[in-house]
Amino acid sequence: MALSDFDLVLFGGGGDLAMRKLLPALYNRERAKDIPPDARIVCVGRHDWTRESFIEEVNRSSRPHTASGSPDPAVWDAFCRRIDYVALDATDAASYERLVNAMRKPDANRPVTRVFYLATPPSLFAKICHNLSQSGLATPESRVVLEKPLGRDLASARQINAEVGRVFSESQIFRIDHYLGKETVQNLLALRFGNVLFEPLWRREWISDVQITIAEELGVGNRMDYYETAGALRDMLQNHLLQLLCIVAMEPPVSATPDAVRDEKLKVLRSLKRFTPNSIAQNVVRGQYRSGHVQGTPVPGYRKEPDANPSSRTETYVALKAEIDTWRWAGVPFYLRTGKRMADQLAEIVVRFKTIPHSIFAQPNRSFQANSLIIRLQPDEGLQMNLMAKTPGDGMRLRPVELELDFRETFKMPRMEAYERLLLDVLRGQLTLFMRADELEAAWEWVEPILEYWEQEGDEPMPYTSGTWGPPAASALIGRDGLQWREEA
Ligand code: BG6
């Protein structure tokens with residue numbers, strides 16, 4: 001579907017996210033000829049740039065993040081011509097006049113979609129929405145995009161929802177979780193609901209456990225200010241990992257319409273077994289990286305990173321066992337983990353099936369590896385199905401084999417970054433891949449007892465050496481159920 005004309009206003013337009021992800025994503029769509037001829041991108045920030053000096057900044061900080069770092073010069077120039085810059089203090093109502101002047105006026109004969117993308121700290125969301133409303137910029141047709149973190153607990157998430165909700169209705173609000181824009185996450189929907197093969201097996205009778213991992217080699221980088229107030233549970237688990245869990249575990253929605261999908265995801269979040277102090281002590285592990293080597297390069301520990309608090313108790317790793325109290329999933333453990341400075345950079349979902357009930361071959365049951373389906377999100381996107389097959393030749397000897405589907409190889413088409421797809425969806429008004437207010441609150445509600453427990457207990461995250469798979473307690477957590485993390489098996 002072609003995009004209609006738009007004015008996209010990027011608050012935090014000079015910031016890291018805009019420079020590294022959003023502007024390069026928009027450039028890629030420019031190159032793909034998706035952007036209508038008159039569409040405009042108005043970057044807003046506190047810095048006193050003129051339009052010309054801002055474009056210089058875009059050349060310096062954003063251009064290297066386009067594919068291969070060297071965009072087509074003519075397309076890049078055309079893209080830059082769309083960009084304007086407005087310096088304003090987002091909290092100062094009077095300065096919005098400048099933004100009003102930079103935008104096209106509503107014209108019934110030439111409709112222009114207005115999108116306000118708030119890539120700012122969440123403490124500014126309410127103020128910005130209020131000022132957009134007061135200045136007349138927010139109209140019933142305009143849309144607002146909220147970047148994470150969407151709160152730091154249930155109360156703050158509710159407050160954001162309430163305050164933004166005073167200006168924009170739910171159908172105008174796009175809460176971003178960029179994991180939902182990843183190709184493989186959507187392919188998981190295709191896999192589950194575009195084939196009959198999996199659905200009959202997709203339940204407690206045939207699935208033994210599910211592992212969801214997002215492991216990063218990177219450390220905290222230059223985001224210490226933010227990360228120290230967040231930690232891995234807030235930064236990754238409450239949003240990205242829980243969203244992946246929802247897509248794996250949800251019931252088939254009646255259609256792919258936004259609310260049909262989001263209703264089913266919400267039901268999963270509401271069916272997650274609640275944690276108690278006892279079950280947290282048993283089923284949740286948090287860690288913090290110490291110095292070590294990542295891919296052979298020495299790296300400092302979290303407490304020695306620039307601007308670190310030397311006695312910080314912020315977790316850079318979390319692993320937990322979740323359970324879903326429904327007929328489909330009762331008794332099936334979902335192990336979730338994420339960490340920084342880990343042994344490898346990967347994101348994957350591993351669905352392990354049960355072992356065969358009885359061996360008709362000379363080999364004993366235990367020599368049969370359980371079937372598993374590995375859904376790889378990163379670094380290379382694909383599916384792997386592990387089966388048992390006969391070894392060629394004389395005799396009947398079975399061994400595990402892998403069926404591989406590499407999306408890049410199969411489709412031989414340029415891939416789209418998560419932000420490209422999500423920006424296109426915003427501009428088209430397509431809400432399916434965005435979190436609804438009640439989903440966001442349900443996710444916070446579920447993780448909140450863990451946050452409270454850590455606060456009250458006052459104990460330290462467990463140390464782990466950079467370049468490993470996290471604290472040994474995480475292996476023990478899954479080991480208690482007689483299982484292993486895939487990389488440790
Ligand atoms: C962000 C987190 O949401 O996701 C970062 O704030 C993290 O800490 C990033 O590094 C990971 O995203 P991706 O797409 O690189 O796996």
Side-chain angles (χ1 to χ4, degrees), residues 12 15-22 24-25 28 65 67 117-122 145-152 157 174-188 212-245 247 286-289 294-295 299 302 305-308 312 314-319 336-349 375-382 407 415-423 433-435 440 443-444 447 461 466 470:
D16 199 49
L17 185 79
M19 291 295 173
R20 279 191 315 112
K21 298 280 186 190
L22 303 177
N28 286 348
H65 296 283
Y117 195 122
L118 311 194
T120 66
V145 185
L146 306 180
E147 254 302 334
K148 69 182 280 262
L150 290 167
R152 59 184 328 277
F174 292 71
R175 296 177 190 79
I176 285 236
D177 184 313
H178 78 280
Y179 263 71
L180 292 179
K182 292 192 188 264
E183 191 69 43
T184 322
V185 175
Q186 296 182 33
N187 239 310
L188 182 54
I212 306 180
T213 299
I214 305 178
E216 296 182 274
E217 288 175 352
L218 293 173
V220 66
N222 55 8
R223 298 164 75 218
M224 187 55 90
D225 270 1
Y226 154 71
Y227 200 82
E228 189 55 17
T229 63
L233 186 76
R234 290 187 174 96
D235 187 46
M236 299 291 287
L237 194 134
Q238 181 274 341
N239 36 62
H240 307 326
L241 281 142
L242 281 186
Q243 286 294 320
L244 296 182
L245 175 137
I247 306 264
R286 63 173 168 155
Q288 189 188 64
Y289 63 82
V294 174
Q295 306 295 355
V299 292
Y302 180 74
E305 294 276 15
D307 304 323
S312 166
T314 301
E315 82 287 356
T316 60
Y317 175 96
V318 62
L336 313 185
R337 66 176 169 161
T338 182
K340 294 208 182 281
R341 289 281 190 236
M342 303 204 52
D344 206 351
Q345 181 86 15
L346 65 90
E348 67 179 22
I349 301 167
I375 301 145
R376 267 194 323 269
L377 282 70
Q378 280 164 196
D380 41 344
E381 299 161 330
F407 292 139
R415 52 198 283 283
M416 233 195 228
E417 289 295 330
Y419 273 106
E420 288 177 52
R421 171 171 304 108
L422 295 174
L423 279 162
L433 297 177
F434 297 84
M435 279 181 292
L440 175 72
W444 277 117
V447 299
S466 287

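Values below: every heavy atom of this structure, side chains too, minus hydrogens, waters and symmetry copies. As the structure lists them, so they are numbered: ligands from 1, and atoms in each ligand from 1.
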Open item on the list: With a 4.0 Å heavy-atom cut-off, what residues sit around ligand 1?
Closed with: Lys148, His178, Tyr179, Lys182, Glu216, Arg223, Asp235, Met236, His240, Lys340, Gln378
Task: Thr229 side chain near Arg234 side chain, heavy-atom distance below 4.5 Å - done: no
Task: Ion pair Arg223/Asp16, N-O distance below 4.0 Å - done: no
TODO: Check the angle between the aromatic planes of His178 and Tyr419 and answer parallel, tilted or perpendicular using the 30° and 60° thresholds.
DONE: parallel
TODO: Could you verify whether a donor N or O on one side chain and an acceptor N or O on the other, from Thr316 and Gln288, lie under 3.5 Å apart?
DONE: no
Open item on the list: Regarding Gln345 and Gln378, do their side chains bring together a donor and an acceptor under 3.5 Å, going by distance alone?
Closed with: no
Open item on the list: Counting C-beta onward and ignoring hydrogens, is there a side-chain heavy-atom pair between Glu305 and Tyr227 closer than 4.5 Å?
Closed with: no
